2 protein chains.
Amino acid sequence: MDKTGSDQTTEDKILEAAKNVFVAKGMSGARMQDIANEAGINKALLHYYFRSKEKLFEVIFKAAVSRLVPRITAILESDLPLFTKIERFCENYIDTVMQSPFIPLFVINEMNKQPEEFILKIWGDQKPGLQIFFKQVEEAVATRLIRPIHPHQLLTHIVSLNIFPFVAKPIIFFVTGMNTQEYKEFMIARKKEIPEFIINSIKI
Amino acid sequence: MDKTGSDQTTEDKILEAAKNVFVAKGMSGARMQDIANEAGINKALLHYYFRSKEKLFEVIFKAAVSRLVPRITAILESDLPLFTKIERFCENYIDTVMQSPFIPLFVINEMNKQPEEFILKIWGDQKPGLQIFFKQVEEAVATRLIRPIHPHQLLTHIVSLNIFPFVAKPIIFFVTGMNTQEYKEFMIARKKEIPEFIINSIKI
DNA sequence: GTTTGTATTAACCAAATGGTTAAACTAAAT
DNA sequence: ATTTAGTTTAACCATTTGGTTAATACAAAC
């Protein structure tokens, strides 16, 4: 099967190419011929391996989401102290996304396109177990460990600070004049910058 | 021209419909027939009024961007004290976007699709005048008004906290159980929450 | 009522699109 | 060498797509 010296299967080639094209054009805008071109294969193979555009998309979507969501919610659901939780969340999130930087934009788009379907696909009919985190924040406020802040606002701050810089990459490059290596270091630095920023803000 | 009792021109109907479809499907994925359907008009009118899909898209893109970028950079370029600047930026930004909540996602997508073209279209060959803000942050650090923080990191924090919650609307709804009115109040509250959060973090 | 300019429509067009089909290719097993 | 199973290809198909065209409708001016 492998006769060109490359060790990538046709299936893997398709998945990689499809990911790039779906990210660039969205599901509707992506062309099967473009995916085939990018993968360096004949278009009929897309159907041979994945049956339809929709199914191909589904595979990539599932892979993206399953890489992100479980470990993120696991941290927030754990018994760790609040500040440790924030630190772990940030470190974990940024590490995860740096390995697949397309995920935030991809997930954001899908989430906004069909919100109900998106949520159903990821969580079914359950709710993410964030009550533990919310209660923890409320307790920390009540015991004056942290300033008064609504748990929803705090979670939004945390997630915003972690996600947005990935989708803002082009503008960060432009505004700061960073190159690729500098951007990478910038994002790695954020693993500590963000929790420090947050904890400094809420700590009494 | 107006014979149905509605005071919207055909052109306005097209623009509104196109905005919705472009936001939902992206430029590639948007279908002219879908836009015509949403506007309740004959497809040929799209070409009569706007010549081509690309030109139609351009009009909407320009309108979106011109509503956001100038006032945001103007605040950062001004002579206001640093903390006032942060407060003004957040208040202004959230007010602006709440009037056209589709803008962040729209702009984020365009920015990531073709970064160079995006930047060229908005700024031409100039640079946004953010040096004033960056120097201000450095001075504030030097004079121990604020904790040491890199200006690039601070700007990224500020913009992240303001933009992301708009594109995260579906997940915020889901995770918090908010309804539309509650979400609106939540976002209005952020006009004060965000600068407070930031200033508490950096202030010595 | 007629003319003029603008707006709207339905039909049409060539190209693009997702998907299908059958033949050809490849490699392993016999 | 032949058979088998899996992979790949080029051609094909019906439908969709952005855009065009000519006729019709509409409203204002004369």
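Labels below follow one simple rule: chain letters A, B, ... track the order of the sequence lines, proteins then strands, and each chain is numbered from 1. All values derive from a computational prediction rather than experimental measurement.
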A.B. asks: Closest approach to the side chain of A/Tyr48, judged atom by atom: which nucleotide of C/dA7, D/dT8, D/dG18 is it?
C.D. replies: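 Ranking C/dA7, D/dT8, D/dG18 by closest atom to the A/Tyr48 side chain puts D/dT8 first.
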A.B. asks: Tell me: CG of B/Asn42 to P of D/dT24, nearest whole Å?
C.D. replies: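 One finds 16 Å between P of D/dT24 and CG of B/Asn42, rounded.
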A.B. asks: Rounded to the Å, how far apart are B/Asp12 CG and C/dA7 C1'?
C.D. replies: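 It works out to 15 Å between those atoms.
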A.B. asks: D/dG6, OP1 or OP2 - any side-chain N/O from A/Tyr49 closer than 4.0 Å?
C.D. replies: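 It does not, given that no N or O in the side chain of A/Tyr49 lies less than 4.0 Å from OP1 or OP2 of D/dG6.
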A.B. asks: B/Asn37 has an atom CG; how far is it from atom P of C/dA10, in whole Å?
C.D. replies: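 Whole-Å distance recorded here is 12 Å.
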A.B. asks: Tell me whether the side-chain N/O atoms of A/Thr10 come closer than 4.0 Å to OP1 or OP2 in D/dT8.
C.D. replies: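 Answer is yes, contact under 4.0 Å.
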A.B. asks: Give the rounded distance in Å between these two atoms: CG of A/Leu46 and C1' of D/dT8.
C.D. replies: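 To the nearest whole Å, that distance equals 12 Å.
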A.B. asks: Tell me which nucleotide among D/dG19, C/dT20, D/dT7 gets nearest to the side chain of A/His47.
C.D. replies: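 Of the candidates, C/dT20 comes closest.
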A.B. asks: Taking the cut-offs as 6.0 angstrom to the six-membered ring centre and 45 degrees off its axis, would you call B/Lys121 and B/Phe61 a cation-pi pair?
C.D. replies: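 Yes, B/Lys121 and B/Phe61 form such a contact.
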A.B. asks: Of the nucleotides C/dT8, C/dT20, D/dT17, which has the atom closest to the B/Arg31 side chain?
C.D. replies: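 My answer, after comparing the listed nucleotides, is D/dT17.
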A.B. asks: For the side chain of A/Lys43, starting at C-beta, report the closest nucleotide among D/dG19, C/dG18, D/dG18.
C.D. replies: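 In terms of side-chain proximity for A/Lys43, the closest of D/dG19, C/dG18, D/dG18 is C/dG18.
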A.B. asks: Expressed in angstrom and rounded to an integer, what is the separation of A/Ile14 atom CD1 from D/dT7 atom C1'?
C.D. replies: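 From A/Ile14 CD1 to D/dT7 C1': 11 Å.
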A.B. asks: Which nucleotide wins on minimum distance to the side chain of B/Lys53, given the candidates D/dG19, C/dA7, C/dG19?
C.D. replies: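 Looking only at heavy atoms from C-beta outward on B/Lys53, the closest nucleotide is D/dG19.
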A.B. asks: Measure centre to centre between the rings of B/Phe186 and A/His150, then say whether the value is under 6.0 Å.
C.D. replies: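 Distance test on ring centres: not under 6.0 Å, no.
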A.B. asks: Aromatic ring centroids of B/Phe22 and B/Phe106 under 6.0 Å?
C.D. replies: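 No, they do not, as the ring centres are separated by 6.0 Å or more.
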A.B. asks: Assess the side chains of A/Asn200 and B/Asn200: does a donor N or O sit below 3.5 Å from an acceptor N or O?
C.D. replies: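 No donor-acceptor contact under 3.5 Å links the two side chains.
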A.B. asks: Could you state the atom-to-atom distance from CD of B/Gln33 to P of D/dT15 in whole Å?
C.D. replies: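 It works out to 17 Å between those atoms.
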A.B. asks: Test side chain to side chain contact (heavy atoms under 4.5 Å, CB included) on B/Met98 and B/Ile188; report intermediate values, then the result.
C.D. replies: CA-CA 9 Å; B/Met98 279 185 79; B/Ile188 289 170; 3.8 Å; yes
A.B. asks: Name the nucleic acid region contacted by A/Ala30, choosing base, sugar-phosphate or nothing; use a 4.0 angstrom heavy-atom cut-off, strictly under.
C.D. replies: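 Sugar-phosphate contact only.
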A.B. asks: Of the candidate nucleotides D/dG19, C/dA7, C/dG18, which contains the atom at the shortest distance from the side chain of B/Met32?
C.D. replies: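 Between D/dG19, C/dA7, C/dG18, the one nearest the side chain of B/Met32 would be D/dG19.
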A.B. asks: Whole Å only: how far is the CD atom of A/Glu54 from the P atom of C/dT17?
C.D. replies: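 The answer, rounded to whole Å, is 19 Å.
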A.B. asks: Report the distance from atom CG of A/Leu56 to atom C1' of C/dT17, rounded to the nearest whole Å.
C.D. replies: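 Checked: the CG to C1' distance equals 15 Å.
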A.B. asks: Return whichever of A/Arg51 or A/Asp34 has its heavy-atom-nearest nucleotide of DNA chain C closer to the 5' end.
C.D. replies: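 In this pair, the answer is A/Asp34.
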A.B. asks: Select one nucleotide: of D/dA10, D/dT8, C/dT8, the one nearest the side-chain heavy atoms of A/Leu45.
C.D. replies: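 Nearest to the side-chain atoms of A/Leu45, counting from C-beta on, is D/dT8.
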